[in-house]
Amino acid sequence: MALGDRRRLGMGAYAQDENVNLVPIMNLFVVLIPFLLMSAAFFNISVINASVPALQKEKTDLAKSDVAVTMMVRMKPDAFTITASSDTLPRSELDKLRTEIPRRGETMGLKEFSDHMLACKQRYPKSETMLLVPDAGIEYQDVIAVMDAGRWVKVQQDGSTVRYDLFPNVVISGML
Amino acid sequence: MMRPWRRAAMQEQNSNAVLNITSLMDVMTIILIFLLFSFSSQDQNIRLAKDMDLPRSTSEKPFKWAINITLTENELRVEDLSVCRYKNGRFVDVRNDPDKIVLLYKQLLELKSMEKYRQVDRDAAEPVVIFQADKKHKFNTIYKVMKTAAMAGYPNFRFAVLKN
């Protein structure tokens, strides 16, 4: 055999050794992929806790503490009417929290709504309950958006954005 | 003596054909990585109905199993059981009760009497209902379902939403 031929053979053998046998890895992938496809979540579901007013002994949705208020949000097609209630605070104090925010603009008034709720929360930090009363014709998505805006807000603190809980307990009610 | 081109052709015939699976491996690896990232450890007992579009929310509370009430565009269901049809903005019920949906009320009372359903949520003091509803429903429809559930002894809800 000529030297050139031998060299060719040797290189060929070397090249053959270099090929990694990928078939077992492929087998593994073929098993793994269907399994992961079955357990993959292509949608991410979370939940929002809510309740409806219920008549119960020794339990009330109204704030009992003298420094806490319950925010009542009436959701109309064109505006939010926000009032506050408390067992102990005087009427004059509660009236300061009362406001009406028009539902218009890009955010449908949600930014102003959040800002007002934040101001109320900062005034009475122990408050946690929001009573939401939407009108009959309001869409469910809009109700969820208001619940989101009333439950927490992002605020700037020391140069960073932090989550600030507002009124995480949402009670949903309808107009009688 | 065999001609060189014929010898080469015979050699090609004798050698085994090797399939190049490197590109296939690349695709598989990308799919695997994508699926590993989307792999979810959360409770996926929830089955979304085809004719339902959940509302979007910023909530990050994880989904936990509880009694499922589903209100699609055309139907009201408890768990996998159809309770009544929803047509032209009204529930097709046995009786036109303005306060509650009678069929749903009866169904929930039955569930309440079953011990295994009463114990579904051991974290909560009271039984909880997972409520899945289409985002386009009007509030009066949503509230009628909620009110009926509350009357049957389920005043606490978890609204199922899609994470933003």
Side-chain angles (χ1 to χ4, degrees), chain A residues 16 19-23 25-30 32-56 59 61 75 132-149 151-154 163 168 170-175, chain B residues 18 21-22 24-25 28-29 31-32 34-44 46 48 53-64 66 71 124 126 128 130-144 146-147 149-151 154-164:
Chain A
Q16 214 169 11
N19 283 338
V20 183
N21 187 7
L22 295 173
V23 177
I25 303 171
M26 278 292 294
N27 291 342
L28 183 70
F29 277 20
V30 169
L32 271 178
I33 285 173
F35 167 73
L36 289 172
L37 267 174
M38 278 190 289
S39 53
F42 296 104
F43 49 85
N44 224 335
I45 292 179
S46 55
V47 293
I48 305 175
N49 288 341
S51 61
V52 291
L55 203 59
Q56 288 171 309
K59 275 184 97 176
D61 290 325
M75 197 179 165
L132 184 60
V133 189
D135 272 11
I138 302 281
E139 278 193 1
Y140 183 44
Q141 173 65 73
D142 295 340
V143 175
I144 295 289
V146 173
M147 286 170 79
D148 281 347
R151 282 184 304 115
W152 64 276
V153 70
K154 280 180 183 169
R163 184 186 158 126
V170 183
V171 180
I172 296 183
S173 183
M175 289 300 285
Chain B
V18 179
I21 56 171
T22 314
L24 189 61
M25 278 292 296
M28 290 287 217
T29 310
I31 294 174
L32 190 72
F34 168 74
L35 288 174
L36 276 172
F37 271 101
S38 60
F39 180 79
S40 170
S41 58
Q42 75 175 4
D43 191 347
Q44 286 297 330
I46 193 163
L48 289 183
D53 198 2
L54 287 179
R56 296 203 162 264
S57 164
T58 54
S59 173
E60 286 170 359
K61 277 196 174 166
F63 175 82
K64 271 169 78 181
L71 178 60
E126 290 167 326
V128 179
I130 288 272
F131 187 28
Q132 302 175 55
D134 192 277
K135 65 180 180 186
K136 290 187 194 79
H137 278 304
K138 301 289 182 201
F139 178 71
N140 55 350
T141 308
I142 299 287
Y143 191 60
K144 196 166 184 181
M146 292 176 74
K147 211 161 68 168
M151 284 176 182
Y154 296 97
N156 299 317
F157 296 85
R158 292 190 194 129
F159 291 143
V161 289
L162 290 178
K163 267 189 207 174
N164 262 341

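Reminder, nothing fancy here: chain letters follow the sequence lines and each chain counts from 1.
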* To do: Flag the one option from D53(B), T141(B), T29(B) with the top tally of heavy-atom pairs under 4.5 Å to chain A.
  => T29(B)
* Pick one of side chain, backbone, both or neither for I142(B), based on which atoms fall under 4.5 Å of a heavy atom in chain A. => side chain
* To do: With a 4.5 angstrom heavy-atom cut-off, could you sort out which part of M75(A) is near chain B: side chain, backbone, both or neither?
  => neither
* F159(B) and side-chain contact (heavy atoms from CB on, under 4.5 Å): which partner among V143(A), V47(A), I144(A)? -> I144(A)
* Can you tell which of D148(A), I172(A), V23(A), I138(A) has the highest number of heavy-atom pairs within less than 4.5 Å of chain B? -> D148(A)
* Under a 4.5 Å heavy-atom cutoff, which of L32(B), I31(B), L24(B) has the most pairs with chain A? -> L32(B)
* Just one of L32(A), V30(A), L28(A), L22(A) clears the side-chain contact (heavy atoms from CB on, under 4.5 Å) bar with M28(B), so which one? -> V30(A)
* Asked: Is there side-chain contact between M26(A) and M25(B), with at least one heavy-atom pair below 4.5 Å?
  -> yes
* To do: Could you pull out the closest heavy-atom pair between Y140(A) and P55(B), with the gap in Å?
  => CE2-CG, 3.5 Å
* Asked: What's the spacing between T58(B) OG1 and R163(A) CZ if we round to 0.5 Å?
  -> 7.0 Å
* Contact class of D135(A) relative to chain B, heavy atoms under 4.5 angstrom -> backbone
* Please examine the side chains of V52(A) and Y143(B), heavy atoms only from C-beta on, and report whether any two atoms are closer than 4.5 Å. => yes
* **Proximal component of A145(A), with respect to chain B [non-hydrogen, under 4.5 Å]** => neither
* With distance as the sole test, does Q141(A) use its side chain to make a donor-acceptor pair with the main-chain N or O of K136(B) at under 3.5 Å? -> no
* Evaluate the side-chain proximity of N49(A) to N156(B): yes if any heavy-atom separation is below 4.5 Å, no if none is. => no
* At a heavy-atom separation under 4.5 Å, does F157(B) approach chain A through its side chain, its backbone, both, or neither? -> both
* Are R151(A) and S57(B) close enough that some pair of their side-chain heavy atoms sits under 4.5 Å apart? -> yes
* Do E139(A) and K138(B) come within less than 4.5 Å of each other through their side chains, counting heavy atoms only? -> yes
* Quick one: side chain to side chain donor-acceptor pair (under 3.5 Å) partners of S59(B), sequence neighbours excluded? -> none
